[in-house]
Amino acid sequence: QVHLVESGGGLVQAGGSLRLSCAASGRTFSSSVTGWFRQAPGKEREFVAVISWSGGRTDYADSVKGRFTISRDNAKNTVYLQMNSLKPDDTAVYYCADRAGYGLAFNAHEYHYWGQGTQVTVSA
C-alpha cells in the first residue's frame, strides 16, 4: 500500500510562491507516475501537473503553465510542485496521487493512491 503525505501548503499573497512536497512510502512497483490535483470549495477536483518516473516527461494544466513546475527526487521518494506567481484562483486543497506504470495520466480516476491534501490559500 502506497502512502502519500503532502506538505508545504499555507497562506500567501498574490504573486508569491510556495513549494509543495509529496513524500511516498510503501511503493513496491519499479516505476510510477505522480500527479498533482487540486479542489476548490464547490468545485470538482482538477488536474494540475504530472511527472513520469524518470522526470523526463511532465505536463501541466493550461491554467498553471509557465507558473508551476513539477519535479521529483526518487532517492528521497519525493515529488515537488513549485508554484510561482500565485493567484487567488489557485486557492484550493492540493493533492498528490500515484499510479504504477509509465504513461502520463490526467484524470483522477486513473490514479490508485492519494494523499490527504494540503491547503493553499492565496490572498488578493
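Remember, predicted model here, so these are calculated numbers, not experimental data.
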Closest heavy-atom pair and its distance - Gly115, Tyr95
O-CD2, 3.6 Å
Does the Thr118 side chain pair with the main chain of Gly9, one donor and one acceptor, at a distance under 3.5 Å?
yes
Looking at Ser85 and Arg67, would you say the former's side chain and the latter's main chain have a donor-acceptor pair under 3.5 Å?
no
Would you say Glu6's side chain and Gly117's backbone share a donor-acceptor pair under 3.5 angstrom?
yes
Minimum side-chain heavy-atom gap Ser71-Gln82 below 4.5 Å:
no
Please give me the minimum heavy-atom distance between Gln119 and Thr91, naming the atom from each residue.
NE2-CG2, 4.1 Å
Do Asp98 and Cys96 come close enough that some side-chain heavy atom pair is under 4.5 Å?
no
Without hydrogens or angle criteria, can the side chains of Tyr94 and Arg38 be said to hold a donor-acceptor pair below 3.5 Å?
yes
Kindly give the heavy-atom pair with the smallest separation between Ala14 and Ala124, and that separation in Å.
CB-CA, 4.4 Å
Gap separating the CZ atom of Arg72 from the OG atom of Ser21, nearest 0.5 angstrom
13.0 Å
Gly16 to Val12 - nearest heavy-atom pair and separation:
CA-CG2, 3.8 Å
Is a side-chain donor or acceptor of Asp90 paired with a backbone partner of Val122 at a separation under 3.5 angstrom?
no
Hey, what do you get for CD1 (Ile51) to OH (Tyr80), rounding to the nearest 0.5 Å?
11.0 Å
Close side-chain approach of Leu18 to Phe68, heavy-atom, < 4.5 Å
no
For the backbone of Ser123 and the side chain of Gln13, can you confirm whether one donor and one acceptor N or O come within less than 3.5 Å of each other?
no
Under 3.5 Å donor-acceptor, Ser52 side chain and Arg57 backbone:
yes
Partner of Val120 under side chain to side chain contact (heavy atoms under 4.5 Å, CB included), picked from Leu81, Val93, Leu20, is Leu20
Has the side chain of Arg99 got a donor or acceptor atom that lies under 3.5 Å from a matching backbone atom of Gly103?
yes
Just by distance, with hydrogens left out, do Asp73 and Thr78 show a side-chain donor and acceptor under 3.5 Å apart?
no
Sorted by chain and residue number, the ring-ring contact (aromatic ring centres under 6.0 Å, His included) partners of Phe37 (sequence neighbours excluded) come out as Phe47, Tyr111, Trp114
Does Lys65 pair with Asp62 as a salt bridge, N-O distance under 4.0 Å?
yes
Between His3 and Tyr113, is any pair of side-chain heavy atoms under 4.5 Å apart?
no
Of all the heavy-atom pairs spanning Val33 and Val50, show the shortest one and how long it is.
CG1-CG2, 3.3 Å
Could you tell me whether a side-chain N or O of Tyr60 sits under 3.5 Å from a main-chain N or O of Ile70, the two making a donor and an acceptor?
yes
Pairwise distance NE2(His112) to CD(Glu110) - rounded to 0.5 angstrom:
9.0 Å
